[in-house]
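One structure is given below, encoded as C-alpha cells.
Chain letters run A, B, ... following the sequence lines, proteins first and then strands; every chain starts at 1.
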Amino acid sequence: MSTLVIVESPTKARTIRKYLPKDYRVEASMGHVRDLPRSAADIPTDLKGLDWATLGVNVEEGFEPLYIVPKDKQKIVKELKSALADADELLLATDEDREGESISWHLLQLLKPKIPTKRMVFHEITAEAIQAALENCRQVDQKLVRAQETRRILDRLVGYTLSPLLWRKIAPHLSAGRVQSVAVRLLVNRERERLAFHSGSYWDLKATLDKNKSPFTATLIELGGQRVATGSDFDPATGQIQANRNVVLLNATTAQALRDRLIQTDWRVSQLESRPQTRKPAPPFTTSTLQQEANRKLHLSAKDTMRIAQKLYEEGLITYMRTDSVHLSEQAITAARACVSRMYGQNFLAPKPRQFTTKSKGAQEAHEAIRPAGSAFVLPNATGLSGRELDVYDLIWKRTIASQMAEARLTLITAQIQADNAIFRASGKQIDFPGFFRAYVEGSDDPDAALESQEVILPTLTQGDALVCQKLDAQAHETQPPARFTEATLVKALESEGIGRPSTYATIISTILDREYAIRRGNALEPTFTAFAVTGLLEQNFPDLVDLRFTARMEQTLDDISTGEVNWLPYLEEFYLGDKGLETQVKEREQGIDPSSARAIHLPNVKAEVVVGRYGPFVVMENGDAPVKASLPQDATPGSLNHEQIEQLIRQKLEGPDKLGLHPETGEPIFLLSGRFGPYVQLGEATTENPKPKRASLPKGVTAEEVTLDLAVTLLSLPRTLGLHPETGKLIQANQGRFGPYVVVDPDGEKEYRSLKAGDDLFTITLERALEILAEPKATRGRTKKEALKNLGNHPGDDAPIQIFNGPYGPYVNHGKVNASLPEGVTVEEMTLELALPLLAAKAPKGKAGTKNTTANKSTPKKTTTRKTTPKKSTQSTSTRAKKTTSG
DNA sequence: CAGTGAGCGAGCTTCCGCTTGACTT
C-alpha cells in the first residue's frame with residue numbers, strides 16, 4: 001500500500017517525487033478540477049430549465065454554487081480516483097494560497113476519500129523542506145476555501161450580469177468583468193487624455209562648450225533671473241503656460257535673437273555641485289516584472305513570454321513562472337552569490353545577502369521569485385538554448401545574479417554656466433563603481449529616461465573657469481501627450497492596483513484584443529470605439545465596479561472572510577441583491593439605457609457622431625432631415641481618426657465617389673473610394689450588368705490624397721503580363737497581393753508563386769528577372785528556418801533523415817511528415833535512432849495516407865489574420881471562440 | 001472581400017483563476 005500525493009502541475013509532481021519515500025505516488029490535478037458551468041452545454045440536463053442554471057449560482061437559495069467537472073478535467077478526475085483506490089493515505093499538496101486551498105477542498109468533495117487525508121504545504125522543493133512538510137500536515141482551511149468561493153461567485157455575478165446587458169444595449173458577444181473592464185477603462189481614460197491634449201511649443205538654447213579640448217553641452221535654464229519654460233510648465237488642456245508660473249517662454253524669434261546676442265558674450269562656470277548617489281539592484285522577477293522587461297527589452301508579448309517561461313520551467317531551468325513573490329530561498333541566494341564571486345569577484349558581491357519584500361497589493365506569495373532553478377545556476381551559454389528562449393533565460397539569470405550584487409556608486413555633477421544674464425546647466429554622471437550594473441540594468445518605459453542611465457562625462461571644472469562657446473543653437477520643442485499603454489505598462493498598472501493574478505495577466509490582454517476592445521499598433525494598445533461605448537455605459541451606470549479600487553476593497557473583504565471576521569453570505573447578498581446591489585441596479589437602470597445613445601460616441605476632435613454598428617463603427621453626420629452615414633476603415637480608432645478623414649468619407653457619400661479622371665484608353669471613369677479595408681480605386685461604375693467592376697487597393701504607404709490618375713491606371717492594369725515561360729510556354733504575370741508584390745507562373749492552372757525581392761519593382765520587372773526569382777526555392781514560411789537540435793541518422797526504411805526539433809510543446813522527433821514527442825524523462829542528449837524508430841512507427845499514418853497530405857509545406861494561406869479558428873475542441877480558451885470573420 | 005446600420009426570432013454569447021493539451025476524410 002502507498003500514499004497518494006496530489007499537486008497542481010505535472011512538472012512539480014516530477015520534481016518532488018525524488019524527495020519522497022519510494023512508496024509515495026505523486027499525481028497532478030492540472031489546476032482546478034471543478035468550476036461553475038461555463039455555458040449552456042455544461043449544464044446538467046436535470047437543471048437545464050432552471051433560470052439560475054446559466055448563472056451557475058442559486059442566488060435565492062443562499063448563493064449556492066453549481067459545480068461541474070469541465071470536459072477537459074474529466075479524464076484527470078477519473079485517473080485520480082483510480083490512483084486513490086490503490087492508496088491508504090492521501091496528501092493534498094496544492095499551493096498554499098486561496099486558489100490552492102480551494103483545489104484541495106474540491107478534490108476532497110470529488111474523491112470522497114475513505115482513507116486518512118491530510119493537507120500538506122511547502123514553499124521550496126528541497127529534501128529538508130519536503131521532510132518538514134510531511135511532518136507538519138494540517139487539515140483543509142475551510143475559511144480560506146470560503147474566501148475563494150466568494151471570489152469565484154462574485155466574479156461570476158459581475159461577468160454574467162453585466163455582459164448580457166452589453167449584448168442588449170451595444171452588441172452581442174461583448175463582455176464585462178471585474179478585471180477586464182477596469183483594464184479597458186485604463187486604456188480608454190488614457191486615450192481621452194490624449195484626445196483632450198493640446199500641444200504647446202517652446203524653445204531653448206543648447207550650447208556646446210569647451211575647456212581644454214573636451215567639449216560638453218549645456219542647456220539654457222534661466223534668463224534675467226526668470227526660469228525658462230519647459231514642457232512641465234504647460235497645461236495639457238490648453239497648450240498654454242499654466243497660470244502662476246513665473247517663467248519666460250521663448251519662441252523662434254526670441255530664441256534666435258537671444259542666441260545671436262549670447263554667442264558674443266563671455267561664458268564662465270558660476271556654480272558647481274557634485275553629489276554622490278548609490279543605486280540598488282531591482283528585486284528578482286515576478287510574473288509581472290518578467291513580462292514587463294521581456295516586452296521592453298525583447299519586444300515579446302506577455303503571452304509569448306509566458307509560453308517561453310513555461311518551456312524553461314518544464315526543462316527544469318527556472319523556478320515556477322506564475323508568482324507574485326520576490327522572495328529568494330536560502331538555496332537561491334547561496335547559488336546567486338556563488339555565481340557573483342566566481343564571475344565578477346568578491347568586490348561585486350553585496351556585503352550581506354539581500355532579501356526583498358513584496359509590495360504589490362494582494363500578493364499571495366505561494367511561490368518563490370522567478371529565478372534559475374537548483375542550487376547551482378546553469379550559465380546561459382551552457383543551457384543549450386537558443387533564440388528567444390536563451391534571451392529570456394539570460395534575462396532571468398542576470399536579474400537574479402544582480403539582486404545579490406553590490407550597489408552601484410555614482411557621482412552626479414551639475415555645473416551652472418553664466419553667459420551675460422543667462423544661465424545654462426550641464427549635467428554629468430560618473431560611475432565610480434558599477435556594482436550590479438555589470439550584470440543588469442532595468443529597462444525603462446521612457447526611451448529618453450533610458451538614455452539618461454548612461455555615463456555622461458564632464459571635463460574637470462572649477463568655479464570661475466572661462467569657457468569657449470563653440471556652438472550655440474536654438475532648439476524647438478513640443479509638449480507630447482501622455483503615451484498609450486503598452487502591454488508592459490498595462491500589466492504594471494494592473495499589478496500595482498492588485499488587479500488580476502500572475503496566471504492571468506497574459507490572458508487579460510488576450511481577452512481585450514479578442515473582444516476588439518483594443519488593437520495592437522506597434523507596441524501600443526489602442527482602444528477601439530467599442531471600448532469607448534462599453535466603458536461609457538459602465539461608468540455611467542456602475543461606477544463602483546469600474547473603479548480602480550474595487551478589487552482592493554474586495555480583497556480586503558476576502559481576507560476578512562478567511563480570518564472569520566466577515567461572514568461571506570451577507571457580503572454577497574448586499575453586493576448582488578441589496579438596494580445598491582448589482583442585480584437591483586441592472587433592473588432599475590435597464591429601461592433608462594437607450595441602445596442608440598449607448599452605441600454612440602462623441603469625440604472632442606470630431607464634429608460627427610460615431611456609432612458602433614453591427615458591421616463595425618460608422619459615422620453619422622447631420623444633414624438636414626436625412627443624416628448621412630459612412631463606414632469607417634476597419635482599423636480606425638478614436639485616437640487615429642481625424643476630422644478631415646470624416647469629412648472626406650461624408651463627402652464621398654453625398655457626392656458619390658471622387659472621380660480621379662477618365663481612363664486614357666477606354667474612356668471609362670476611374671473612382672477613388674474608401675472601404676472597410678482602406679482606400680481603393682475602381683474602373684467604371686457598379687451596375688446591375690457589371691456588379692463587380694475592376695478594383696484595386698492602394699499599395700502600402702500610399703494615402704488617398706496622394707493617388708493620381710496615372711497610379712490608378714497602372715494599378716488597374718494589374719496583373720501585368722511578363723511573357724511566356726521559355727521551357728513550358730506557360731504564362732508569367734506580376735501582381736500585387738496581400739503579402740506584397742509577387743510573380744506567378746500559370747495563373748489559371750498550377751499557380752507557382754514567389755514574392756518579389758527588396759530591389760525588384762512590380763512595374764518594371766522583366767521576364768528574365770522573374771525567371772531568376774522563380775528558379776530559387778520557395779522561402780520558408782515563418783521567421784526563421786528551424787534548425788535541428790540533433791541529427792539521429794537516417795531512417796532504415798527510406799533513408800530520410802530523422803531529427804530532433806524544438807516545438808511549442810517540447811522537443812520532438814521528426815521523420816518526413818511524422819512527428820513524435822520524446823518519451824517522458826528522456827533528454828535530447830539521450831535520444832538515439834533506436835529509441836526514435838518505435839516512437840515514429842507508433843505515430844506514422846496507417847495505410848495509404850501520407851502521399852496526398854503535402855499541404856503542410858505548400859500554400860496554405862491563412863484565411864484571415866494570424867487568428868485561426870481552431871478546432872471546436874478546446875472550448876475553454878477564450879481565443880478560440882468562433883468569430884464573425886468578414887473576409888474570405 | 002467592397003456599400004449594409006430597424007424589423008420576426010431559437011438558442012447562444014459572457015466572468016476570473018488554476019493548469020496543460022495536440023485534430024482527419
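When heavy atoms are screened at a 4.0 angstrom cut-off, A/Val158 is found touching no nucleic acid atom at all. Residue A/Ser102 is out of contact with every strand shown, counting any heavy-atom pair closer than 4.0 Å. At a threshold of 4.0 angstrom between heavy atoms, the contacts of A/Gly100 with the nucleic acid are absent.
Between A/Ser503 and B/dC18 there is a side-chain N or O to OP1 or OP2 distance below 4.0 Å. Put simply, A/Ser9 has a side-chain N or O that comes within less than 4.0 Å of OP1 or OP2 on B/dT20. Phosphate proximity of B/dG17 to A/Arg38: absent, as no side-chain N or O sits under 4.0 Å from OP1 or OP2. Under 4.0 angstrom from either OP1 or OP2 of B/dG17 there lies no side-chain N or O belonging to A/Gln148. A close approach under 4.0 Å does occur between a side-chain nitrogen or oxygen of A/Ser175 and OP1 or OP2 of B/dC15. Put simply, A/Gln310 has a side-chain N or O that comes within less than 4.0 Å of OP1 or OP2 on B/dT20. Regarding contacts with the backbone of B/dG17, a side-chain N or O of A/Arg178 is found under 4.0 angstrom from either OP1 or OP2.
Residue A/Met306 contributes atom CE, which lies 11 Å from atom C1' of B/dT19 at whole-angstrom precision. As rounded to whole Å, 13 Å separates atom C1' of B/dC15 from atom NE2 of A/His32. If you measure from atom CD1 of A/Ile103 to atom C1' of B/dT19, you get 8 Å, rounded to the nearest angstrom. B/dT19 atom P lies 18 Å from atom CZ of A/Arg307, rounded to whole Å. At whole-Å resolution of the value, CD in A/Gln74 and C1' in B/dG21 are 15 Å apart. Atom C1' of nucleotide B/dT13 and atom CD1 of A/Ile43 are separated by 13 Å, given to the nearest angstrom. When the P atom of B/dC15 is taken as reference, atom CG of A/Leu174 falls 10 Å away, rounded to whole Å. The distance from atom CD1 of A/Ile499 to atom C1' of B/dC15 is 15 Å, rounded to the nearest whole Å.
On the P atoms, B/dT24 is 24 Å away from B/dT20, given to the nearest whole Å.
In this pair, A/Tyr160 lays its aromatic ring flat on the base of B/dT14, centres within 5.5 Å and planes under 30 degrees apart. Ring-base stacking between A/Trp167 and B/dT14 is not satisfied when judged by a centre separation under 5.5 Å and a plane angle under 30°.
For A/Pro10, the listed nucleotide lying nearest its side chain is B/dT19; candidates were B/dT19, B/dC15, B/dC18. Counting only heavy atoms from C-beta on, A/Asp155 has its side chain closest to B/dC16 among B/dT14, B/dC16, B/dG5. Minimum atom distance to the side chain of A/Pro172 is reached by B/dT13, of the listed B/dC18, B/dT13, B/dC16.
Taking CE from A/Met30 and CG from A/Leu80, the interatomic distance works out to 9.5 Å, rounded to the nearest 0.5 Å.
The base of B/dC16 sits with one of its N or O atoms less than 3.5 Å from a complementary donor or acceptor on the side chain of A/Arg151. The base of B/dG5 is paired with the side chain of A/Ser631 by a donor and an acceptor separated by under 3.5 Å. Below the 3.5 angstrom threshold, one finds no donor paired with an acceptor across the side chain of A/Arg322 and the base of B/dC18.
Using modelled atom types, one finds no donor on one side chain facing an acceptor on the other under 3.5 Å when comparing A/Glu101 with A/Gln148.
Taking the ring centre of A/Tyr517 as origin, the terminal cationic atom of A/Arg515 falls outside the region bounded by 6.0 Å and 45° from the ring axis.
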Distances for protein N/O vs nucleotides 6-12 of chain B N/O pairs under 3.5 angstrom?
none

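The backbone N or O of A/Glu368 sits less than 3.5 Å from a side-chain atom of A/Thr323, completing a donor-acceptor pair.
Taking the six-membered ring where tryptophan is involved, the planes of A/Phe550 and A/Phe575 are tilted, since the angle between them lies from 30° to 60°.
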